[in-house]
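One structure is given below, encoded as structure tokens.
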Amino acid sequence: MEGLSEAVKEVFVRLYEEGLIYRGKRLVNWDPKLHTAVSDLEVLNEEEYGHMWHMRYPLSNGKGHLVVATTRPETLLGDCAVAVNPHDERYKHLIGELLELPLTKRRIPIIADEEHVDPEFGTGCVKITPAHDFNDYAVWQRHRDELSISEQIHGGLINIFTIDAAIRDNDEGEDEVIPSAYIGMDRYHARKQMVADLEAQGLLEKVDDHKLMVPRGDRSGVVIEPYLTDQWYVKVGPLAKPAIEAVETGRIRFVPDNWKNTYYEWMRNIQDWCISRQIWWGHRIPAWYDEEGNVYVGRSEAEVRERHDLAADYPLRQDEDVLDTWFSSALWPFSTLGWPEESERLRDFYPTSVLVTGFDIIFFWVARMIMMGLKFMDDVPFHEVYVHGLVRDSHGHKMSKSKGNVLDPIDLIDGITLEDLVQKRTSGMMQPQLANKINQLTRKEFADGIPSFGTDSLRFTFAALAATGRDIKFDLGRIEGYRNFCNKLWNASRYVMMNVEGQDCGVGAPTTGHSEPVAELERSLADRWILSRLQKTKRAVAEAFESYRFDHAAQAIYEFTWNEYCDWYLELCKPVLNDDNASEAAKRGTRRTLVRVLENLLRLAHPIMPFITEEIWQRAAPLAGVEGETIMNRPFPTLRQSLVDEAAETEMAWVMQFILGIRKIKGEMNIAPAKPVPVYLANASDDDKLLAQKHRHFLDFLARTESIEVLAPDDHGPESATALVGEMKVLIPLAGLIDKDAEIKRLDRIGKKLGNPNFVDKAPEAVVQKERDKQAEARKALESLQAQLAKIKSLQGGDPASPPNA
RNA sequence: AGGCGCGUAGCUCAGUUGGUUAGAGCGCUACCUUGACAUGGUAGAGGUCGUUGGUUCGACUCCAAUCGCGCCUACCA
């Protein structure tokens, strides 16, 4: 974009003029495959297995040799010295002596460097190759005077490589610094050859296995070579200082907070940033050279000529290099808004409120945006940085093409067959030899391919898994669960529509805001309860979003929808809506609540499941009295304090406990849930009695109670299974639970079996005994049944205080 | 080497400033083709919260040590 280009040039020129951009010949990370310099951040260090070669460097005085250990024997060609620690008693006396550098005709001195040489490590002698090692370069800088004194030795800084990291030829007039035998060899070929040659000359003492960190280019994957070239740099120190302060003072806040430590750590140890790249795409560096090598920096060639008073025909050549992509990215927060022009958009939208990103981008981008923003806008680019985790595979491994464990979101949304998935994962690979393994692993993990889960399921899953400060192990089980949740919401909506469409929901014609009831309506306990729960869910979701806890938001929505709205409220609607005796006002109240809670819920869930909510909302909104073309333009639901109803919640908790108690007994006693049972209440308070009567229709419907009787204070009732509702005991007489006829039948069957001589004689004794035991058990059960029946009968005879049976 | 984080049910994860009996989903067991939903319903089993010690009336939570794992940064030639 032209505008961005202007911004880049402007920034470059201003920084250059302030001395914060400079050009220099220094060691850079060189990618020999891409032929470009890369920044420290683009180099990945990984531990690999290699060797440590111990090489003998003979002393020029003929009195023996020193042994130097190295992981890179080929760099011997560029050695300018061997360093020892000045306090190392073994070598102290040799400092200043000369060594015959093997395979070359050069001599190099033994120097003392306390900082770099650890006497404990290796042999205590370090070969110094200043043009191909960052530490050695530092040593060279410290000793450059003493190294260039002697005529006998090379001044140092010998570059031995071409841009392909092959051994270079000697330059013109150079007296065979590079031995002709190795010229043109690739670095690894040269290594092999030189090690062989050293060995042949008896100069290789030993080779050890050695683990080392190998720097590789994050794009090319090849080993990065420290290489001496001219590059452009940003002097970052002065920019970093205010950027650190911005976080220290809280003008920028990291979420989670810990990431500020990572940020500080890097910013406080920041190195100058190499921004020039030898590639053909990117922003051209706005610098021009004349034939004498003078540099002119400016916004354009014309500006350069004018400023420096250069004639139109004075030959100028623009720098071939381009800028690191992150240089222009660093300007993004303001360059996209029209900077350097003082546009209206820039005024309105800078700074923004939040940047959402992964931790791997904090150095690359976040830190640099902060630095540039403060420098050129005099303000932070954003106030909060939300750092989310990385999505990993189900085993916690980082997804990568070479591992073949990449899950493409589109495949989770639309689904993919096993064959297509295998094909996708094994095609176009950098290392085709891995294809077979990937093939096998994929077939094992996704034997049936991946089913289609849909966009909303995926989005909801990511929200639900987005706990702060934690990476996400992507688990198909989770997305499946949330796919089911989407389905649940869909089905619940169908039910609501079924009961509400074409019916009077008490909202009249849709208006833009809160429609008021047009007819009398009455809210049941369930209605008041769900409205109250909705308000609390709104609060929970709002708080969760506020604090970037998307997992909590998703959970609150999930629980409200499934466990409260579907499991309870939809069920509690049924006895009202299906009851011919229920008043029209009550039905209207329930319908209205049903659809308006749904409409609120849809808006609440919309940010996390945009498609399904929109689809349902289109139908539900008019019924709820809400107007609008799309849910996207409706406000996010806010808490309505007037609908919070603690009394309803307490009362409803009583009803739920009552129902759950009875269901639990039925479950444990293996009674069919649909079987109506008689229920007795012991130790019931006046409130309990009242509630039992008031909500009898709910209890009958959801717990399938046949009758509910209140026992006198001193009556413990028949032998029963019990459940507690507060202080009150809910009793289901065992007699009512056991099917007497079935029991008698069972007894008959056993009796027949035992009466059969064939069975008793021929079956193993153990089996026969088992039947006898069963028989005894069944008899006992029947007897106690009879006793209980008698007791119940006497009980039902009189208790005038109990509420009437329905 | 330094820094950050993790270890809670078979699996993937919550657990808010320390407070009764530690939760969810998936999986598992039993029962249920009830009328929004079997991509479902009801009920249930399953955890000495990595280990040890300490603070406290009380610790998954705070402190110390230790084991295991992951990541980041720097680096030993």
Side-chain angles (χ1 to χ4, degrees), chain A residues 40-41 45 52-54 68-72 75 82-83 116-118 120-129 133-136 139 210-213 215 256 258-262 264-266 268-269 271 359-360 362-363 389-390 392 394 396-398 451 453-454 457 461 464-499 540 543-544 547 549 551-552 554-555 558-559 562-563 566-567 570-571 573-574 578 659-660 662-674 701-704:
Chain A
D40 294 345
L41 288 177
N45 291 293
M52 179 82 89
W53 286 269
H54 293 249
V68 299
T70 181
T71 55
R72 303 207 51 197
T75 62
V82 165
H116 184 230
V117 184
D118 174 6
E120 305 295 317
F121 188 87
T123 61
C125 303
V126 185
K127 63 194 274 305
I128 301 301
T129 320
D133 182 284
F134 290 99
N135 285 310
D136 291 1
V139 173
H210 184 70
K211 258 197 292 189
L212 71 162
M213 297 297 274
N258 316 38
W259 287 110
K260 72 180 181 201
N261 297 325
T262 306
Y264 289 146
E265 179 65 20
W266 189 67
R268 285 171 182 157
N269 299 299
Q271 302 292 313
F359 68 84
D360 50 338
I362 290 176
F363 304 145
L390 235 52
R392 299 170 176 279
S394 60
H397 298 129
K398 204 166 169 175
F453 291 111
S457 311
T461 306
L465 293 175
T468 51
R470 195 193 254 274
D471 284 353
I472 292 173
K473 272 198 231 180
F474 200 83
D475 178 31
L476 280 189
R478 287 298 280 259
I479 192 173
E480 196 180 336
Y482 295 122
R483 188 265 324 263
N484 294 353
F485 176 64
C486 291
N487 192 54
K488 187 76 176 176
L489 179 61
W490 181 258
N491 282 319
S493 305
R494 278 182 47 204
Y495 171 79
V496 174
M497 294 304 151
M498 227 173 77
N499 281 285
E543 281 172 4
S547 54
R549 290 305 303 261
D551 56 333
H552 288 173
Q555 198 187 349
Y558 185 100
E559 282 177 358
W562 203 311
N563 302 341
C566 291
D567 283 354
L570 259 44
E571 294 305 317
C573 284
K574 291 173 183 175
N578 299 337
I659 293 165
L660 286 172
I662 290 174
R663 281 179 182 167
K664 183 173 170 178
I665 292 169
K666 285 185 174 179
E668 280 170 356
M669 296 308 206
N670 223 348
I671 307 305
F701 186 77
L702 288 182
R704 305 286 156 173

From CG of A:L212 over to P of B:A1, roughly how many Å is that when rounded to an integer? 17 Å
Would you indicate what A:Q555 reaches in the nucleic acid, counting non-hydrogen atoms under 4.0 angstrom: base, sugar-phosphate, or nothing? sugar-phosphate
Polar-atom pairs under 3.5 Å, protein N or O versus N or O of nucleotides 36-40 of chain B: list them with distances, or write none.
unit_1: B:A36; atom_1: OP1; unit_2: A:K574; atom_2: NZ; d: 3.2
unit_1: B:A36; atom_1: O2'; unit_2: A:R494; atom_2: NH1; d: 3.4
unit_1: B:A36; atom_1: N6; unit_2: A:C566; atom_2: O; d: 3.4
unit_1: B:A36; atom_1: N6; unit_2: A:E571; atom_2: OE2; d: 3.3
unit_1: B:A36; atom_1: N3; unit_2: A:N491; atom_2: O; d: 3.3
unit_1: B:A36; atom_1: N3; unit_2: A:A492; atom_2: N; d: 3.3
unit_1: B:C37; atom_1: O4'; unit_2: A:N491; atom_2: ND2; d: 3.4
unit_1: B:C37; atom_1: O2'; unit_2: A:N491; atom_2: ND2; d: 3.0
unit_1: B:C37; atom_1: O2; unit_2: A:K488; atom_2: NZ; d: 2.8
unit_1: B:C37; atom_1: N3; unit_2: A:K488; atom_2: NZ; d: 3.0
unit_1: B:U39; atom_1: O4'; unit_2: A:N484; atom_2: OD1; d: 3.3
unit_1: B:U39; atom_1: O2'; unit_2: A:N487; atom_2: ND2; d: 2.8
unit_1: B:U39; atom_1: O2; unit_2: A:R483; atom_2: NE; d: 3.3
unit_1: B:G40; atom_1: OP1; unit_2: A:N484; atom_2: ND2; d: 2.9
unit_1: B:G40; atom_1: O3'; unit_2: A:K488; atom_2: NZ; d: 3.1

My understanding is that only residues two or more places apart in sequence, or in another chain, count here; which of them pass side-chain contact (heavy atoms from CB on, under 4.5 Å) with A:H54? A:M52, A:V67, A:A69, A:T123, A:E205, A:K206, A:D208
Are A:K260 and A:T262 close enough, and set up right, to give a side-chain hydrogen bond (donor to acceptor under 3.5 Å, both in side chains), and what steps lead you there? CA-CA 5 Å; A:K260 72 180 181 201; A:T262 306; over 6 Å; no
Is A:H54 near enough to B:A77 that one of its side-chain N or O atoms lies under 4.0 angstrom from OP1 or OP2? no
Enumerate all atom pairs, one protein N or O and one N or O from nucleotides 7-11 of chain B, separated by less than 3.5 Å.
unit_1: B:G7; atom_1: OP1; unit_2: A:R470; atom_2: NH2; d: 3.3

For A:G454, which contact category applies under a 4.0 Å heavy-atom criterion: base, sugar-phosphate, or nothing? nothing
Under 4.0 Å between a side-chain N/O of A:R268 and OP1 or OP2 of B:G3, yes or no? no
Given RNA chain B, 5'-ward residue of the pair A:N261 and A:Y558, judged by closest heavy atom: A:N261
In dot-bracket notation, what is the pairing pattern of RNA chain B, taking Watson-Crick (N1-N3 plus N6-O4 or O6-N4) and G-U wobble (N1-O2 and O6-N3) contacts under 3.5 Å, with [ ] crossing and | for other strands? (((((((..((((.....[...)))).(((((.......))))).....(((((..]....))))))))))))....
Hey, mind stepping through A:I362 and A:D360 against side-chain contact (heavy atoms from CB on, under 4.5 Å) and telling me if it holds? CA-CA 6 Å; A:I362 290 176; A:D360 50 338; over 6 Å; no
Hey, what are the protein-to-nucleotides 72-76 of chain B N/O distances that come in under 3.5 Å?
unit_1: B:C75; atom_1: O3'; unit_2: A:N135; atom_2: ND2; d: 3.2
unit_1: B:C76; atom_1: OP1; unit_2: A:N135; atom_2: ND2; d: 2.1

Just call it for A:R549: base, sugar-phosphate, or nothing, with non-hydrogen atoms closer than 4.0 Å on any strand. sugar-phosphate
Select one nucleotide: of B:A43, B:C4, B:A77, the one nearest the side-chain heavy atoms of A:R663. B:A43
Where each residue is assigned the nucleotide of RNA chain B containing its nearest heavy atom, which of A:N258 and A:D551 is assigned the position nearer the 5′ end? A:N258
How many whole angstroms separate atom CG of A:L465 from atom P of B:A14? 9 Å
Using a cut-off of 4.0 Å on non-hydrogen atoms, how would the nucleic acid contact of A:L489 be classed: base, sugar-phosphate, or nothing? nothing
Tell me, with the steps shown, if A:D133 and A:T75 meet side-chain contact (heavy atoms from CB on, under 4.5 Å). CA-CA 9 Å; A:D133 182 284; A:T75 62; over 6 Å; no
Chi angles and distances behind the side-chain contact (heavy atoms from CB on, under 4.5 Å) call for A:L390, A:F359: CA-CA 8 Å; A:L390 235 52; A:F359 68 84; 4.0 Å; yes
What do the steps show when you test A:E571 against A:F701 for side-chain contact (heavy atoms from CB on, under 4.5 Å), and what is the final call? CA-CA 9 Å; A:E571 294 305 317; A:F701 186 77; 4.2 Å; yes
Tell me the interatomic distance from A:D471, atom CG, to B:C69, atom C1', rounded to whole angstroms. 13 Å
Would you indicate whether A:K664, at its atom NZ, is surrounded by more than 12 heavy atoms from other residues, nucleotides or ligands within a distance under 6.0 Å? no
Whole angstroms only, please: what is the CG-C1' distance between A:N563 and B:G41? 13 Å
Show me the donor-acceptor pairs, under 3.5 Å and distance only, between side chains in residues 480-488 of chain A and residues at least two apart or in other chains.
unit_1: A:Y482; atom_1: OH; unit_2: A:R478; atom_2: NH2; d: 3.3

